[in-house]
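Reading through the structure tokens given below for one structure.
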Protein chains: 2
Amino acid sequence: MKKEHKACMSALLPVRDTLDVIGGKWKILILISIWEGNKHFREIERSIPKLSTKVLSKELKDMQANQLITRTVLNGFPVRTEYKPTAHSKTLKKVILELQDWGIKHRKQIFGDTSETDHSIRV
Amino acid sequence: MKKEHKACMSALLPVRDTLDVIGGKWKILILISIWEGNKHFREIERSIPKLSTKVLSKELKDMQANQLITRTVLNGFPVRTEYKPTAHSKTLKKVILELQDWGIKHRKQIFGDTSETDHSIRV
DNA sequence: GTAATCAGTTTCCTTTTGGTAACCAGTTAC
DNA sequence: GTAACTGGTTACCAAAAGGAAACTGATTAC
């Protein structure tokens, strides 16, 4: 009797999509920074230590393409850009909380860590 | 008045942990393959097209370290190894479903895709 | 003029990740 | 003997991601 090897992999396309949108080192950090109210390029950059201009620039473009943020150029003196979170971006909060929950449980599983540090996301 | 730039980043460590565990191109596929009942190295390898021996070997080690699977060597003739999912790994199903849900919504948001393809994960 | 701020882009380099293919050890079947 | 299967490891490359620093262009303040 042959094994079946059911694929089910088509169901994983949306999972991959999501990981592409929020995966990587910086995307969630940048999103949270913007959720917190940081609007301008340099402001966001300075709010996240070790984040380089180049990477921020690229990530912001990705996030714009994914409709997580909007970009508005304000015609002013030292030209300002305004990044704002979209309603669509807010739907990610549930996902992020789920990732956070599992991460906490996982830590306990691996390290038997029972410390009750504050892990809440305040965004 | 100075901006606050609340960090909240410590809350993101568990999120990063989770993304490290399930992120990457192959981890979820391998996990699902094992959930489906594939037990042996070559069996898992063959169940996932384009997956190389080297990468599978590395990913299985990671997943073992993260206690998602167990590895048992059966002393037999063409030496067989058995990989089995742990109870801990099953707790990831909820997370994966959440990622999948958001991915589907995201696709609709971006492409206005209203097709009702079967996206259920049967694992 | 100089210096500084904004919002990035460009160039170069290093690190990480992934892929290909050969190889090893052990056993079975021919 | 050879070939084929098991479960991997090793060496070598290619591509992608990430980081540091210089630079552009516009404007304001001095």
Side-chain angles (χ1 to χ4, degrees), chain A residues 1-3 5 9 12 16-31 33-34 37-66 69-84, chain B residues 1-3 5 9 12 16-17 19-31 33-34 37-66 69-85:
Chain A
M1 175 187 166
K2 277 187 75 180
K3 279 247 132 184
H5 298 311
M9 296 316 185
L12 288 179
R16 282 254 55 82
D17 288 346
T18 305
L19 289 177
D20 285 347
V21 172
I22 62 172
K25 216 167 170 179
W26 302 110
K27 295 214 174 73
I28 296 184
L29 271 72
I30 294 169
L31 192 55
S33 174
I34 294 174
N38 295 316
K39 288 178 169 44
H40 309 295
F41 192 91
R42 296 296 182 203
E43 191 178 21
I44 298 164
E45 188 178 10
R46 281 192 295 257
S47 75
I48 302 172
K50 306 277 177 185
L51 172 60
S52 73
T53 318
K54 191 187 84 176
V55 173
L56 177 57
S57 172
K58 189 213 148 218
E59 299 292 52
L60 287 174
K61 278 176 190 164
D62 282 2
M63 291 166 67
Q64 221 189 315
N66 282 316
I69 54 172
T70 58
R71 177 179 181 273
T72 323
V73 179
L74 309 172
N75 43 358
F77 325 125
V79 171
R80 307 217 87 190
T81 325
E82 227 178 55
Y83 293 96
K84 282 193 271 191
Chain B
M1 175 188 165
K2 276 186 76 179
K3 279 247 132 184
H5 297 312
M9 297 314 184
L12 287 180
R16 282 253 54 81
D17 289 344
L19 290 177
D20 285 347
V21 172
I22 62 171
K25 214 167 170 179
W26 303 109
K27 295 216 176 69
I28 295 184
L29 271 72
I30 295 169
L31 193 53
S33 175
I34 294 175
N38 295 316
K39 287 177 170 46
H40 309 295
F41 192 91
R42 296 296 182 201
E43 192 178 20
I44 297 164
E45 188 178 8
R46 282 192 294 258
S47 76
I48 302 172
K50 305 276 178 187
L51 172 59
S52 73
T53 317
K54 190 186 87 176
V55 173
L56 176 57
S57 172
K58 190 213 147 218
E59 300 290 52
L60 287 173
K61 278 176 191 165
D62 282 2
M63 292 166 68
Q64 222 189 314
N66 283 317
I69 55 172
T70 58
R71 178 179 180 273
T72 323
V73 179
L74 308 172
N75 43 357
F77 324 124
V79 171
R80 306 218 88 188
T81 325
E82 228 179 55
Y83 293 96
K84 281 192 273 191

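What you are looking at is a predicted structure, and each value in this text was computed from that prediction instead of being measured. Residue numbers start from 1 in every chain, and the chains themselves are labelled A, B, ... in the order their sequence lines are given, proteins ahead of strands.
The shortest distance between the side-chain N/O atoms of A:Lys61 and the OP1/OP2 oxygens of C:dT9 is below 4.0 Å. Between A:Thr81 and the phosphate of C:dC6, there is no side-chain N or O to OP1/OP2 separation shorter than 4.0 Å. Contact between the side-chain N/O atoms of B:Ser57 and the OP1/OP2 oxygens of D:dG7 is not found at any separation under 4.0 Å. Taking side-chain N and O atoms only, B:Thr53 has no distance below 4.0 Å to OP1 or OP2 of D:dT9. Taking side-chain N and O atoms only, A:Arg80 has no distance below 4.0 Å to OP1 or OP2 of C:dG8.
Atom P of nucleotide C:dT17 and atom CD of B:Glu59 are separated by 10 Å, given to the nearest angstrom. Distance, B:Leu74 CG to C:dT27 C1': 15 Å, rounded to whole Å. Counting to the nearest Å, the P atom of C:dG19 and the CD1 atom of B:Ile48 are 12 Å from each other. Atom CD in A:Glu45 sits roughly 11 Å away from atom C1' in C:dC6 (whole-Å rounding). Atom NZ of A:Lys39 is separated from atom P of C:dA7 by 13 Å (rounded to the nearest Å). Rounding to whole angstrom units, OH of residue A:Tyr83 and C1' of C:dA7 are separated by 7 Å. What separates CD of A:Glu82 from P of C:dC6 is a distance of 15 Å, to the nearest Å. Atom CZ of B:Arg42 and atom P of D:dG8 are 9 Å apart (whole Å).
B:Glu43 places a side-chain N or O within 3.5 Å of a backbone atom of B:Lys39 that can act as its donor or acceptor partner. Side chain of B:His40 to backbone of B:Glu82: no donor-acceptor contact under 3.5 angstrom is found.
Between A:Ile69 and the choices A:Met63, A:Glu59, A:Lys61, the side-chain contact (heavy atoms from CB on, under 4.5 Å) rule is met once, by A:Met63.
Taking the side chain of A:Lys25 as heavy atoms from C-beta on, and the options C:dA7, D:dG8, D:dG18, the nearest nucleotide is D:dG18. Of the candidate nucleotides C:dG18, D:dA20, C:dA7, C:dG18 has the atom nearest to the side chain of B:Lys54. Proximity note for B:Arg46 (side chain, C-beta onward) versus D:dT9, C:dG19, D:dT6: the nearest is D:dT6.
Atom NZ of B:Lys27 and atom CG of B:Asp20 lie 7.5 Å apart (nearest 0.5 Å).
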Test side chain to side chain contact (heavy atoms under 4.5 Å, CB included) applied to B:Tyr83 and B:Asn38, step by step: CA-CA 8 Å; B:Tyr83 293 96; B:Asn38 295 316; over 6 Å; no
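Judged by distance alone with a 3.5 Å cut-off, no donor-acceptor contact links the side chain of B:Arg71 to the base of D:dG7.
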